[in-house]
Chemist: 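Okay, here's the structure, questions in a sec.
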Amino acid sequence: MTDPAPRSLPRDTQLEMQRRMLRIRRFDERASKMVKRGQIPGTVHTSIGQEAQVVGACMALGDTDFMTGNHRSHGHPIGKGAPLGPLMAELVGKSGGVCQGKGGSLHLADFAVGSLGESGIVGGSIPIAVGAGLSSKVLANDRVSLAFFGDGAANQGCLYEGMNMAGVWKLPVIFLCENNQYALSTPAHTVTSGVIADRGSGFGMPGVRVENGQDVLAVHEAVSAAVQRARAGDGPSLVEVITYRYNEHSEGLRLGVDYRNAQEKAQWLARDPIVLFREDLIRRGVAAAEELDALEADVLREVDDAVAFSDQSPYPELSVAFDDLYSDSRFAVHRFRDSSFGTLEAVR
Amino acid sequence: MTVMSYLGAIGAAQKEAMLADERVVIIGEDVEANVYGTTGGAGKSRASEGDFLQQFGRNRIRNTPISEEVIVGAAIGAAMTGLRPIVDLSYSSFLYMAMDQFVNQAAKNRYMFGGQASVPVVFRSAMFYGLNTGAHHSDRPYPMFMNVPGLKIVTPAFPSDAKGLLRTAVDTDDPVLVFEACVLWGSKEEVDEREYRIPFGVGRSVRTGTDATVIAVSGAVPEAVAAADALAPEGISVEVFDPRTLVPLDVEGILDAAARTGRVVVADPAHRTCGAAAEISALISEHVFDALRGPVRRVTTPDVQIPFSPALEKQLYPNRVAIADAVRASLGVAAPTTGRDGDDSTGPDGSGGTPPSGQDAAVATGAAR
Ligand SMILES: Cc1ncc(C[n+]2csc(CCOP(=O)(O)OP(=O)(O)O)c2C)c(N)n1
Ligand SMILES: [Mg+2]
């Protein structure tokens, strides 16, 4: 089950991996609590259990590389290095949110770190990542683009339109399937014909399956190879990472049926990516336990600070509801309580 | 000034945009071979400089797979990351294939990401109605997209507008859908061959008049002009106003044109329910009700799918006969029994004789009810 991954990355990189996995874990744990207490409106989808898969992929990208994601959305920008405060404020709907309160959990985006947006539509952001790859190709700016999507999204047609286009144009795109083995309540094997990774070959691109998606280095290695290939101008890759989500599909969701059995859950809980990597770092002498304890405490403080940032951020002014619909806010012709499309003011 | 066809003007605008900005690319099915006539380069320049593919190369002129969803989505993603794509979607009826990308990505990304995304992309498509292409190629779907905040909708009716509006569309940092009517492709006009831009949200007064106002959209504009011509000998003076862009809409221009005569007909080749004409009529009723001297009348395509047979199709769209009938109805005058535009090809009862209130004729021609 374990891929032999190279353990030779720089020490700082390895510690940063652990830091970012912890950020995702603690951020999502806090967000989950806040949903249950009514402090975050609506719901959130956590990446708890999938941190290695997210961080291994994100850290194989460079700072200026692009990324799109899905409803399981917080891990992606966090993995790409986004600061936590504006993300948390976004979940609460505050003006200091990374999307100024317009997006919420489902539609996080932090363009400053190359995060072009999560999508509430399963599969919907895959073509966007293909387009980012097209930009890189036409502008010859060496940027790579990665699309995160789930095993459920792997059955959306736009993935295959995108793989075909990226393949035939040799775009620098990585199609990263986060196979957590379920799409909501539906086991992947009941709706998926064949192996997802094998679908790469149909489009003339490598299709790699990372069996041990709980090992951040294994994921990092596979995605790094895809990034290298993309940057060399050899075109896209499909990487399927096998992982598991620990929480329910979304926080607060209570289903009458238990579609995942207890034994399966226990097995995956025993392979917690953060615990595994901590042990690995200590065993290999990369970091001492005390150092990692300090890092954990640090991350907890970061999450506290993020919540504090959100708390002190005001809710948005009503008027901003009409900003950013178009490049020029005059084009948004409606205002609250307007009687009709269009006002008597010029909208030139 | 040069005489250009509607299609030629679009090609000219595309060439200007490609020359002006390296970030502009043209992607679409069969654009390399200039199948739809806007990536060829015109006459002399084509002979000396070659077509777009030869002039700009495969990096910027891209034949796509037949994959509308990813064509549209990739164009959005490319626009968000530094390109300014012009997408040729050929037939407007194919836009439905990419509905999710139009509605959930193009229209929403700037907004839901709090202004982080800029989406400078133009989606061109042609409405092949009135050409016996049957139900799968004849759609005029712009009202569906008017219902999606975040998109801009352009419906040029003249070559000069097609050129100037397309340049503005390419400059715009928002997704723009340009709906081109094939019935207008061959129409010709004196067009400035230099670069110019026509602002969005500014309508065109096509013709001035004092008795009634026809607000006409896209392919209905020349029909409205023909109706005005036909009505002139009857002593009826008709103003024709073309909004040119439906989002943003020249509300002021429409209201002024409507209020000037107080008798208003809105001619729109889209289906009636929730169409452009419905919105324009509602605006007029809401804002200049006191200036109206009768109800606003709509001449649209009835809510029916487009049949293949020429015998069935041709009278469905707003034509000069139906528009003229609606104007007479709004003035409360009957059609003259002689001297009326007798061209049978323009309508089922083009030879006249049916009073404007005739229910069957009105419904069959899509005339105002
Ligand atoms: C187009 C679309 N269909 C259905 C849904 C409802 N939905 C949201 S998440 C989800 C499951 C997605 O599963 P997967 O892609 O495997 O991602 P995961 O949640 O497992 O990370 C479903 C059905 C949606 N949001 N969008
Ligand atoms: Mg899944």
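Just so it is clear: chains get the letters A, B, ... in the order the sequence lines come, proteins before strands, and each one is counted from 1. Predicted model only: the values in this text are computed from it and were never measured.
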Chemist: Minimum heavy-atom separation for A:Gly124 and B:Asp100, please, with both atom names.
Modeler: CA-OD2, 4.0 Å
Chemist: Out of B:Ile76, B:Val70, B:Thr81, which residue meets the side-chain contact (heavy atoms from CB on, under 4.5 Å) rule with A:Ile128?
Modeler: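 Of the listed options, the one satisfying the test is B:Ile76.
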Chemist: In residues 96-108 of chain A, which residues are in contact with chain B at a heavy-atom separation under 4.5 Å?
Modeler: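 From residues 96-108 of chain A, the residues near chain B are A:Val98, A:Cys99, A:Gln100, A:Lys102, A:Gly103, A:His107, A:Leu108.
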Chemist: Is it the case that over 12 heavy atoms from other parts of the model lie below 6.0 angstrom from the CD1 atom of B:Ile66?
Modeler: no
Chemist: Does atom CD (A:Gln312) have a neighbourhood of more than 12 heavy atoms from anything else shown, all under 6.0 Å?
Modeler: yes
Chemist: Nearest 0.5 Å, what's the CZ-CG distance between B:Arg23 and A:Leu139?
Modeler: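 Reported value, rounded in 0.5 Å steps: 9.0 Å.
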Chemist: Check whether any side-chain heavy atom of A:Asp110 lies under 4.5 Å from a side-chain heavy atom of B:Gln116, and answer yes or no.
Modeler: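 Heavy-atom side-chain distance check passes, below 4.5 Å.
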Chemist: So, the side chain of B:Asn59 versus the backbone of A:Val138: is there a donor-acceptor pair under 3.5 Å, distance only?
Modeler: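 Side chain of B:Asn59 to backbone of A:Val138: a pair is present.
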Chemist: Just give me the residue among B:Ala79, B:Pro85, B:Ala117 that pairs up with chain A most often, heavy atom to heavy atom, under 4.5 Å.
Modeler: B:Ala117
Chemist: Are the side chains of B:Thr64 and A:Trp169 in contact, using a 4.5 Å heavy-atom criterion?
Modeler: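 The answer is yes; the side chains approach within 4.5 Å.
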Chemist: Would you say the side-chain atoms of B:Gln101 pair up with the backbone N or O of A:Pro127, donor to acceptor, closer than 3.5 Å?
Modeler: no
Chemist: Looking at B:Ala98, B:Pro149, B:Ala107, B:Gly82, which makes the most heavy-atom pairs under 4.5 Å with chain A?
Modeler: B:Pro149
Chemist: If you count heavy-atom pairs under 4.5 Å between each of A:Glu161, A:Glu118, A:Glu90, A:Arg143 and chain B, which one has the most?
Modeler: A:Glu161
Chemist: Check whether more than 12 heavy atoms from other residues, nucleotides or ligands sit under 6.0 Å from atom CE of B:Met97, and answer yes or no.
Modeler: no
Chemist: Any idea which of B:Asn104, B:Thr172, B:Val119 has the most non-hydrogen atom pairs under 4.5 angstrom with chain A?
Modeler: B:Asn104
Chemist: Is there any residue in residues 66-75 of chain A with a non-hydrogen atom under 4.5 Å from a non-hydrogen atom of chain B, and which ones are they?
Modeler: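 Result: A:Phe66.
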Chemist: CG of B:Asn109 to CG of A:Asp324: how many Å apart, nearest 0.5 Å?
Modeler: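 Taking CG in B:Asn109 and CG in A:Asp324, the distance rounds to 12.0 Å.
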Chemist: When only pairs under 4.5 Å are counted, which of A:Ser125, A:Ala132, A:Ser119 shares the most heavy-atom pairs with chain B?
Modeler: A:Ala132
Chemist: Give, for atom CZ of B:Phe113 and atom CG of A:Leu116, the distance between the pair rounded to the nearest 0.5 Å.
Modeler: 8.0 Å
Chemist: Could you check whether any side-chain heavy atom of A:Gln156 comes within less than 4.5 Å of a side-chain heavy atom of B:Glu69, counting everything from C-beta outward?
Modeler: no
Chemist: Within the distance-only criterion (no hydrogens, no angle test), does the side chain of B:Tyr111 pair as donor or acceptor with the backbone N or O of A:Ala321 below 3.5 angstrom?
Modeler: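 Between the backbone of A:Ala321 and the side chain of B:Tyr111 there is a qualifying donor-acceptor contact (under 3.5 Å).
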Chemist: So which part of B:Asn63 gets closer than 4.5 Å to some heavy atom of chain A, the side chain, the backbone, both or neither?
Modeler: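 Just the backbone, heavy atoms under 4.5 Å.
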Chemist: Under 3.5 Å, side chain of A:Tyr326 to main-chain N/O of B:Leu151, donor-acceptor pair present?
Modeler: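 Yes; at least one donor-acceptor contact below 3.5 Å.
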Chemist: Of the backbone (N, CA, C, O) and the side chain (C-beta and beyond), which part of A:Asn141 lies under 4.5 Å from a heavy atom of chain B, both, or neither?
Modeler: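 Contact with chain B is absent: no heavy atom of A:Asn141 under 4.5 Å.
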Chemist: What part of B:Glu68 gets closer than 4.5 Å to chain A, counting heavy atoms only: side chain, backbone, both or neither?
Modeler: backbone
Chemist: Grab the two heavy atoms, one from B:Gly77 and one from A:Ser135, that are nearest each other, plus how far apart they are.
Modeler: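 Distance-wise, the nearest heavy atoms are O-OG, 4.5 Å.
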